[in-house]
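Below is one structure, written out as structure tokens; the observations come after it.
To find a chain, count down the sequence lines: A is the first, B the second, and so on, and within it residues start at 1. Any value given below was found using the heavy atoms of this structure, including those in side chains, with hydrogens, waters and symmetry copies removed.
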There are 2 protein chains.
Amino acid sequence: MSKNQNVSDYKSTKQRNKIIQVLQDAKRPLTAEEIYLLVKDELPSVVISTIYRNMEALKNIIVKTVYNDGKARYALTKEKHTHNLICLKCTKIIAIEKCPLEALEKNLSEQNSFEILEHKLEIYGHCKDCR
Amino acid sequence: MSKNQNVSDYKSTKQRNKIIQVLQDAKRPLTAEEIYLLVKDELPSVVISTIYRNMEALKNIIVKTVYNDGKARYALTKEKHTHNLICLKCTKIIAIEKCPLEALEKNLSEQNSFEILEHKLEIYGHCKDCR
DNA sequence: GATGCAATTGCAACCCGTTTGCATCTAATT
DNA sequence: AATTAGATGCAAACGGGTTGCAATTGCATC
């Protein structure tokens, strides 16, 4: 049994460790397939359902966001969460470090009697190179 | 041929007209299936692919947003766009009329040399009744 | 009103991201 | 080393959305 009830008794497997490493190295949220391909470089026998099952198993430390293309992106939860500028031409993704909503959440929450737990913001447009 | 190249030569069909009416009456963005069921009340022979094809045909006047449940929601483009507070317990959706990003877009755009065309913001949490 | 024709629809099959059942394997404890 | 619950690989299934095709319909022209 684990000493820490939050960590639970999940096992440490090569697949899981590599998945976490891939997400740590990622500069932007990744799709399941992107994670799969990166993990496969090192563990060729991995299958994509292992990725999906780990996204579920690790959900406490992962944020999932479904983009308008219908594919989910996964990223490790960080102290400072980020949002993305997504280029509609080249699909480049640029992270914005400062969350523009931070300052507004309190008001929004009070005005609507709504307890805000999380939010999803993506901004679409054209990047410098594609304008 | 049409007199107006923007309006294009789309035909006015009962299905299309009813779809638009359903969206006009809607108080929140609807899924394809919700639209389908509402249209079906009046036009029982309609099929769901007709809904999807019309979402594509009408894309100039419709905003599509994929939520984290993997389903797209559709709403008519209005002068003032809205965002939603989405309750994670009862799935109630509360519209916020004032877009909290309006004021911030200009800065964001300049700081990142990014031409902002649209954005997607959804806020998740617990509504008054579910807290 | 009849004709021509492209847009639209209904239907069924398909696509693709994601999930699941099951047998096997493996990490972690004894 | 034996035990066993959790994890993995594999293949099949699921579900939202898309597409090919033949039949229908809106609409411009006669």
Side-chain angles (χ1 to χ4, degrees), chain A residues 1-22 29-75 91, chain B residues 1-22 29-75 91:
Chain A
M1 77 209 67
S2 83
K3 300 172 193 144
N4 181 328
Q5 65 277 34
N6 289 318
V7 170
S8 180
D9 34 15
Y10 286 131
K11 291 179 182 169
S12 157
T13 66
K14 355 186 209 22
Q15 293 86 339
R16 181 161 297 162
N17 296 337
K18 180 68 185 168
I19 286 170
I20 294 172
Q21 187 202 315
V22 161
L30 301 178
T31 63
E33 171 143 45
E34 288 170 330
I35 299 168
Y36 166 65
L37 291 174
L38 289 165
V39 171
K40 204 178 161 95
D41 279 346
E42 195 159 299
L43 302 168
S45 75
V46 76
V47 292
I48 202 159
S49 51
T50 294
I51 311 298
Y52 284 112
R53 280 196 267 232
N54 274 293
M55 294 304 103
E56 176 64 22
L58 299 170
K59 67 177 161 196
N60 290 321
I61 59 162
I62 283 182
V63 214
K64 167 184 173 180
T65 307
V66 181
Y67 282 24
N68 258 10
D69 65 3
K71 296 184 201 167
R73 264 66 169 187
Y74 304 89
T91 72
Chain B
M1 78 210 66
S2 82
K3 299 174 193 136
N4 182 327
Q5 64 278 34
N6 288 318
V7 169
S8 180
D9 35 15
Y10 286 131
K11 290 178 184 174
S12 157
T13 66
K14 348 184 213 30
Q15 293 86 340
R16 181 162 297 163
N17 296 337
K18 180 67 186 169
I19 287 170
I20 294 172
Q21 187 202 315
V22 161
L30 301 178
T31 63
E33 172 144 45
E34 288 170 330
I35 299 168
Y36 166 65
L37 291 173
L38 289 165
V39 171
K40 205 178 159 94
D41 279 346
E42 195 160 298
L43 302 169
S45 74
V46 76
V47 293
I48 202 158
S49 50
T50 295
I51 309 298
Y52 284 114
R53 282 197 266 231
N54 274 292
M55 294 304 103
E56 176 64 23
L58 299 170
K59 67 177 160 198
N60 289 321
I61 58 163
I62 282 183
V63 214
K64 168 184 172 177
T65 307
V66 181
Y67 283 24
N68 258 11
D69 65 2
K71 295 184 201 168
R73 265 57 169 197
Y74 304 90
T91 72

Between CG of B:Asn54 and P of D:dT18 the distance, given in whole Å, is 13 Å
Judged by nearest nucleotide, the residue sitting upstream toward the 5' end of DNA chain D, A:Lys11 or B:Gly70, is A:Lys11
With the side chain defined as heavy atoms from C-beta on, A:Val47 is closest, among C:dG10, D:dA7, D:dC10, to D:dC10
**OP:** Quick one: label B:Ser12 by what it contacts on the DNA or RNA (base, sugar-phosphate, nothing), any heavy atom closer than 4.0 Å.
**Re:** sugar-phosphate
Separation between OH (A:Tyr36) and OH (A:Tyr52), nearest 0.5 Å, reads 11.0 Å
Regarding the side chain of A:Tyr52, the nearest nucleotide among D:dG16, C:dT19, C:dA7 is C:dT19
* Under 4.0 angstrom, heavy atoms only, what part of the nucleic acid is B:Arg53 near: base, sugar-phosphate, or nothing? -> base
Side-chain contact check for A:Ala32: nearest option of C:dT18, D:dG9, D:dA5 is C:dT18
A:Glu34 and A:Pro29 have their tightest heavy-atom pair at OE1-O, 4.2 Å
note: B:Ile20, atom CD1; C:dT8, atom P; distance rounded to Å ~ 11 Å
Report task. Indicate, with a heavy-atom threshold strictly under 4.0 Å, whether A:Lys71 touches base, sugar-phosphate, or nothing. Result -> sugar-phosphate
In whole angstroms, the gap separating C1' of C:dC25 from CZ of A:Arg16 amounts to 14 Å
Considering only heavy side-chain atoms of B:Ser49, the closest of D:dA7, D:dT19, D:dG26 is D:dT19
Quiz prompt | Contact under 4.0 Å: B:Ser45 side-chain N or O vs C:dT9 OP1/OP2 | solution = no
Among the nucleotides D:dA7, D:dG17, C:dT8, whichever has the atom closest to the side chain of B:Thr13 is C:dT8
Partner of D:dC30 under the Watson-Crick or G-U wobble criteria, both distances under 3.5 Å, comes out as C:dG1
Between CG of B:Leu43 and C1' of C:dT8 the distance, given in whole Å, is 13 Å
Here the distance between atom P of C:dC11 and atom CD1 of B:Ile51, to the nearest Å, is 13 Å
Original post:
Does B:Thr50 have a side-chain nitrogen or oxygen under 4.0 Å from the phosphate oxygens OP1 or OP2 of C:dG10?
Top reply: yes
In whole angstroms, the gap separating P of D:dG17 from CE of B:Met55 amounts to 11 Å
A:Ile48 atom CD1 is separated from D:dC10 atom P, nearest whole Å, by 14 Å
Original post:
Should we say atom CD of B:Gln21 is surrounded by more than 12 heavy atoms from elsewhere, each under 6.0 Å from it?
Top reply: yes
B:Tyr36 atom OH is separated from D:dT18 atom P, nearest whole Å, by 16 Å
- [ ] Examine D:dT25: is either OP1 or OP2 under 4.0 Å from a nitrogen or oxygen in the side chain of B:Gln15? Give yes or no.
- [x] no
Correct closest heavy-atom pair for A:Ser12 and A:Asn17 would be OG-ND2, 3.1 Å
>> Taking any heavy-atom pair under 4.0 Å as a contact, classify A:Ala72: base, sugar-phosphate, or nothing.
In response: sugar-phosphate
When rounded to the nearest 0.5 Å, the distance separating OG1 of B:Thr50 from CD1 of B:Ile35 is 12.5 Å
Of all heavy-atom pairs linking A:Tyr67 and B:Val66, the shortest is O-CB, 3.6 Å
